[in-house]
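Since the structure is predicted, the reported quantities are computational estimates derived from the model, not experimental observations. Order of the sequence lines sets the chain letters (A, B, ...), proteins ahead of strands, with each chain counted from 1.
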2 protein chains.
Amino acid sequence: MARKKLDETRQGQGDDASSRRTPMREFSRSLPMSLLRAREAVMRQFRPSLRNHGLTEQQWRILRALTAVDEIEVTELARVAFLLGPSLSRILRDLEARALIERKAAENDGRRAVVSISAKGLKLIEAVAPTSEAIYAEITRRYGARKLAELHEMLGALEASLAGMGSADDAEVETDE
Amino acid sequence: MARKKLDETRQGQGDDASSRRTPMREFSRSLPMSLLRAREAVMRQFRPSLRNHGLTEQQWRILRALTAVDEIEVTELARVAFLLGPSLSRILRDLEARALIERKAAENDGRRAVVSISAKGLKLIEAVAPTSEAIYAEITRRYGARKLAELHEMLGALEASLAGMGSADDAEVETDE
DNA sequence: GGGAGATGATTAACATGTTAAGTGAATTCC
DNA sequence: GGAATTCACTTAACATGTTAATCATCTCCC
């Protein structure tokens, strides 16, 4: 796969001092890229099945999260399903329109909304779950259960490592508030 | 009506004879979720810096990939930068409008387009690279270089494990294999 | 009480992910 | 040599990611 030269040499325009460029890592060794590719390799397995049931990955995440609780506030659901507020808002609107979930206002706080899965939503989950688990089992079989557990642990440790790392923002725009 | 229990859907037991539902993994142990969270933890570090330079993550990926070659065809660029064709088309259109890249038709094939980074694009890369590398160095320091290498290897192995796994699509619609 | 500020949720605006369809140029096959 | 097919993008359409702004409560504090 093309171990091409790392030099510059664009067309003749401006042979400036760009020969002193900060050398960067090889692309394939980028951590975000590795994580992205691994995740895509996994999701590629699940997407067709979800699609056959009319669900996107995120919609599935939400319904899955809702099966684990009786009801849950939107903010907490966003945290659990790892979705940003705006995305969640849109998806909940759609899921509610499809009657897969139910929504009501919190009793003691008019701002908060409480969400729960509907009977129809539960049926859908039950329809998808077997295939989903079968795929997961096959992945586990291929990769190895022990290795999978180890990977989980290392990913968790990575998250933890970066937890308190304040964005080392360059060109920091003066926060003169 | 949302009448569900499942408050105790921890893995382990889960033999709910009455519901007979396929017990599913705890949410946090989902592999796609772990990968997503780890990746987000990493990208959260880079995004502010990129943003300060007017670049999105994907635009940065493309420019980064272009610095490694003299020129490259669009399809190959999509493979290297791990972007789908439609996304790449849009981004290239924007980057070309901003004069960060240049595009021309292949000489021997009118279908193919050849892309290269411009002098302006290179300047931008050089402006971002130091901060980007500093962040990466800090991540490596926190997580550990050895552990990072091991993680890379495990992610690559995961990809490889799933390489030939044909979508175990339920409700399979007659494929030709 | 009441106003300033905080908070939960949504909306807005733009960029990308994802799948399907379209377009124009090469290749195949008869 | 030309129709059919394949190929390399590109557009289209819809869903989500991401940041900022908005809106309606709620809380705090005087």
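- Positionally, the nearest nucleotide of DNA chain C for A/Arg103 lies more toward the 5' end than for the other of A/Leu36 and A/Arg103.
- Looking at heavy-atom distances under 4.0 Å, A/Ser89 makes contact with a base.
- Distance CD1/B/Ile91 to CD1/B/Ile62: 4.0 Å, rounded to 0.5 Å.
- Among residues at least two apart or in separate chains, salt bridge (Lys or Arg N to Asp or Glu O under 4.0 Å) pairs with a member in residues 72-89 of chain A are A/Glu73-A/Arg112, A/Glu76-A/Arg79.
- Within 4.0 Å of B/Glu57, counting heavy atoms only, lies no atom of the nucleic acid at all.
- Whole-Å rounding puts the A/Asp109 CG to C/dA6 C1' distance at 12 Å.
- If you take CD1 of A/Ile91 and C1' of C/dT11, they are 15 Å apart, rounded to a whole angstrom.
- The structure places OG1 of A/Thr56 at 8.0 Å from CG of A/Leu95, a figure rounded to the nearest 0.5 Å.
- Residue A/Leu31 holds its CG atom at 6.0 Å from CG of B/Leu151, rounded to the nearest 0.5 Å.
- Chain A approaches DNA chain D within less than 4.0 angstrom (heavy atoms of the protein), and the contacting nucleotides run 5' to 3' from D/dA15 to D/dC26.
- Screening residues 81-100 of chain B for salt bridge (Lys or Arg N to Asp or Glu O under 4.0 Å) gives B/Glu96-B/Arg103 as the qualifying pairs, with residues at least two apart or on separate chains.
- Across all strands shown, A/Glu76 has no heavy atoms under 4.0 Å from either base or sugar-phosphate atoms.
- Under the 4.0 Å criterion applied to side-chain N and carboxylate O atoms, B/Arg141 and B/Glu138 are assigned as salt-bridge partners.
- Every side chain to side chain donor-acceptor pair (under 3.5 Å) that A/Glu40 has, sequence neighbours left out, goes to A/Arg47.
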Could I get a table of every N or O pair under 3.5 Å where one atom is in the protein and the other is in nucleotides 19-23 of chain C?
| from | atom 1 | to | atom 2 | distance (Å) |
| --- | --- | --- | --- | --- |
| C/dT19 | O3' | A/Arg51 | NH2 | 3.3 |

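- Take the nearest nucleotide of DNA chain D for A/Asn108 and for A/Gln59: the residue whose nucleotide is more 5' is A/Gln59.
- Contact check, A/Arg112 against C/dG8: a side-chain N or O comes under 4.0 Å of OP1 or OP2.
- In this structure, CG on B/Leu122 lies 9.0 Å from CG on B/Leu66, to the nearest 0.5 angstrom.
- Residue-to-nucleotide proximity on DNA chain C shows that, of B/Leu83 and A/Leu88, the 5′-proximal contact is made by A/Leu88.
- The side chain to side chain donor-acceptor pair (under 3.5 Å) check on A/Glu57 picks up A/Arg39, A/Arg61, with sequence neighbours excluded.
- Following rounding to the nearest Å, A/Arg93 (CZ) and C/dT10 (P) show an atom-to-atom distance of 10 Å.
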